[in-house]
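Notes follow once the structure below has been shown.
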Protein chains: 2
Amino acid sequence: MESTTAAEERPASGTARARRPRAATAERREEILSAAMRTFGSRGYHNGSLAEVAEQVGITHAGVLHHFGSKDRLLIAVLEFRDRVDVEHLEGQHIPEGLELFRHLVRTARMNEDRPGIVQAYTAITGESVTDGHPAADWVTERFRVLRESIGTALSEVAAERSVEVDLDRATLDRAASAIIGVMDGLQSQWLLDPEAVRLADSTAFAIEAIMSATLAGSARATLPLAQPEEHTGDS
Amino acid sequence: MESTTAAEERPASGTARARRPRAATAERREEILSAAMRTFGSRGYHNGSLAEVAEQVGITHAGVLHHFGSKDRLLIAVLEFRDRVDVEHLEGQHIPEGLELFRHLVRTARMNEDRPGIVQAYTAITGESVTDGHPAADWVTERFRVLRESIGTALSEVAAERSVEVDLDRATLDRAASAIIGVMDGLQSQWLLDPEAVRLADSTAFAIEAIMSATLAGSARATLPLAQPEEHTGDS
DNA sequence: ATCAACTTACTAACTCGTCAGTAAGTGTGG
DNA sequence: CCACACTTACTGACGAGTTAGTAAGTTGAT
C-alpha cells in the first residue's frame, strides 16, 4: 500500500495541485470490479482476459490497467472488494457468534442457490489458487485460516452454552471447523456442475448439523471404526 | 491398397490400411500422460503448456500433438488414464462395498497425505472445471455422479447390516453422499494451501463418521435447529 | 518399402503491459 | 472569476512474449 492522501509530496516551494480521483471514479472502479468478478467466474482467472473485463464497462483493456496497474492487482482488488461487500451486507458489521454463525452459514448457502455467478467465481478462484505461484493463494489461505478460527470459536461457544463437558481442544475444534468449511466448498463444486443432482442448502445444513453433533457428543467415542490415527505405512 | 499377404485386415471397403503402433509407443504415451498430470497439477490446465509437458519426456510439443491430437484430448486422456490406474491399483478391480468403501475412502485420504502432487492435480482440474465450456466438465460431473451413487448405495448397505429402521430414501442418501464427497474435496483444497494447519486424513475420517452417524441415526431428529427446509425469503 | 514417430519451421491468435497523446476535470494564484 | 497548472481518465498503437495447431520433411523399425 502506498501514498494516497498524505501531504508527503512537497518537493520545493512550488504548488501541489489537484491530486485526488474524480467524483465518478469510485463508481467506475466498482463497475470494473463487478465485471472482473463475472469474467473470472465464468472463464477463470488465467483464461479470463482484461479485454473481456474492459468490454463490459465500455473501455479498453488499457483503461482497466490504468485503474489497477496489473491483472494480478485487479484480482486482489476483486477479492478485497467482495470481502468488503459481504461484510457490509451483514447487518451489524461483524461476524455472528455462537450458534448464530452456523445459522448464518446455512442462510448463506440458501441464498447462494439464487446466485450461481458469485458461487462460480469463488469456486473457480479457490480451485485455481492451489496451483503454483497463484496470485490469489495468499488471500484464499488467509480466508480459510480466519474462517477456521471463527467457526472453531463459535463451536466452543455453543458447547459452553449447553454446558457440554467434552474437552474441546484447539485440534478438535480445527478438525471440525475445517470439515465444515470443506463441505461447504465441496458441495458448491458439485452443485455448479450438476444443480439438478445436488441440493446445495439442504446438504450444507445437514452436514453442518452432523459435524456439530459429532463434535459436541465427543468424537472419540464414535460408533464407527474408521479412524486409525496411529497408522503409518511407508510403501510406494 | 493391395495387401495380398495378410488376410486379417479388411474392415470395410477402402480406407483402412495396416495401421499399428510400434512396440514402445504405449509406454511413451504413458510417459506423456504422467508428465501432463504433473504439469496440469502444478500450473493448472489453461496455464500449463504442451511445451512443458513435452520437455519432461524429451520431445517437442508437436510430438505430443502427434499422439493426442489436441490439448483438450490430452486432458481427457489424462483423466481416463488416472481412472484406469486407480481402479487397477485396487486389488479386486472393483469398488469396495458397504462399510469397506468408507474405510477405503479414509485410507485414500491417508495415502494422499504423502502424494500432494496427485491431490493438486485433481483439485486444480476440478476447480477449473466449473468454468464455462471447460473440457473436463463432463468427466468431473460424471465422476461425482458415480461417486454419489456408490456412496449412497454403500450407506444403505451399512444401514441394512445394522438393521437400522430409519427410512433412507434416495434423497437422504444423496444428501449424505454429496456431503461426504464435498468434505473430502474441500479439505484437500485447504490442506494444499496450508498443510500445517489442516490434518487431511483425520478431518476426513472425522467428518465421514459424523455424516454416517447422523444419517443412520435419522437426521430428522437433529438436536440443532439449523435446517429450515421450507423457508423462502425473497429479499435483495 | 511403407508407415509410425518424430523434428523443424511456421502461422495466427492471444496475452499483458507500456507508451505517447488527448480531452476533460480540478484547484489555485492573481 | 478566470486563466493557468496540473491531474485524471482514458484511447490506440505497439511490443514482446506465449500459445495451440499445421504442414512438410526425416529417420528408423518392421
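Numbers restart at 1 for each chain; the letters A, B, ... are given by sequence-line order, proteins then strands.
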Side-chain atoms of residues 27-36 of chain A: list all donor-acceptor pairs with protein atoms under 3.5 Å, sequence neighbours left out, distances to 0.1 Å.
unit_1	atom_1	unit_2	atom_2	d
A/R29	NH2	A/H67	O	2.9
A/E30	OE2	A/R84	NH2	3.4
A/S34	OG	A/E30	O	3.2

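Annotation: cation-pi geometry satisfied between B/R175 and A/F206 (NZ/CZ under 6.0 angstrom from ring centroid, within 45° of ring axis).
In summary, the side chains of B/W139 and B/D83 do present a donor paired with an acceptor at a separation below 3.5 Å, with no hydrogens or angles considered.
Within the structure, every pair that satisfies the ring pair (Phe, Tyr, Trp, His ring centres under 6.0 Å) test and touches residues 30-49 of chain B, not counting sequence neighbours, is listed here: B/F40-B/Y45, B/Y45-B/H134, B/H46-B/H134. A salt bridge (Lys or Arg N to Asp or Glu O under 4.0 Å) check over residues 42-55 of chain B, counting only residues at least two apart or in different chains, returns the pairs B/R43-B/E52.
Between the NE2 atom of A/H66 and the P atom of D/dA13 there is a distance of 20 Å, rounded to whole Å. As rounded to whole Å, 13 Å separates atom P of C/dC14 from atom CD of A/E55.
Contact check, B/H67 against C/dC6: a side-chain N or O comes under 4.0 Å of OP1 or OP2. Contact check, B/R28 against C/dC6: a side-chain N or O comes under 4.0 Å of OP1 or OP2.
Within residues 126-140 of chain A, no residue has a heavy atom under 4.0 Å from DNA chain C.
With sequence neighbours excluded, no residue satisfies side-chain hydrogen bond (donor to acceptor under 3.5 Å, both in side chains) with A/D194.
Here the NE2-OG distance, from B/H104 to B/S150, works out to 10.0 Å after rounding to the nearest 0.5 Å.
Heavy atoms of other residues, nucleotides or ligands lying less than 6.0 angstrom from CG of A/D138 number 12 at most.
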Does the protein touch nucleotides 19-26 of chain D at the base, only the backbone, or not at all? Give it as B, S and - per nucleotide, heavy atoms under 4.0 Å. SBBB----
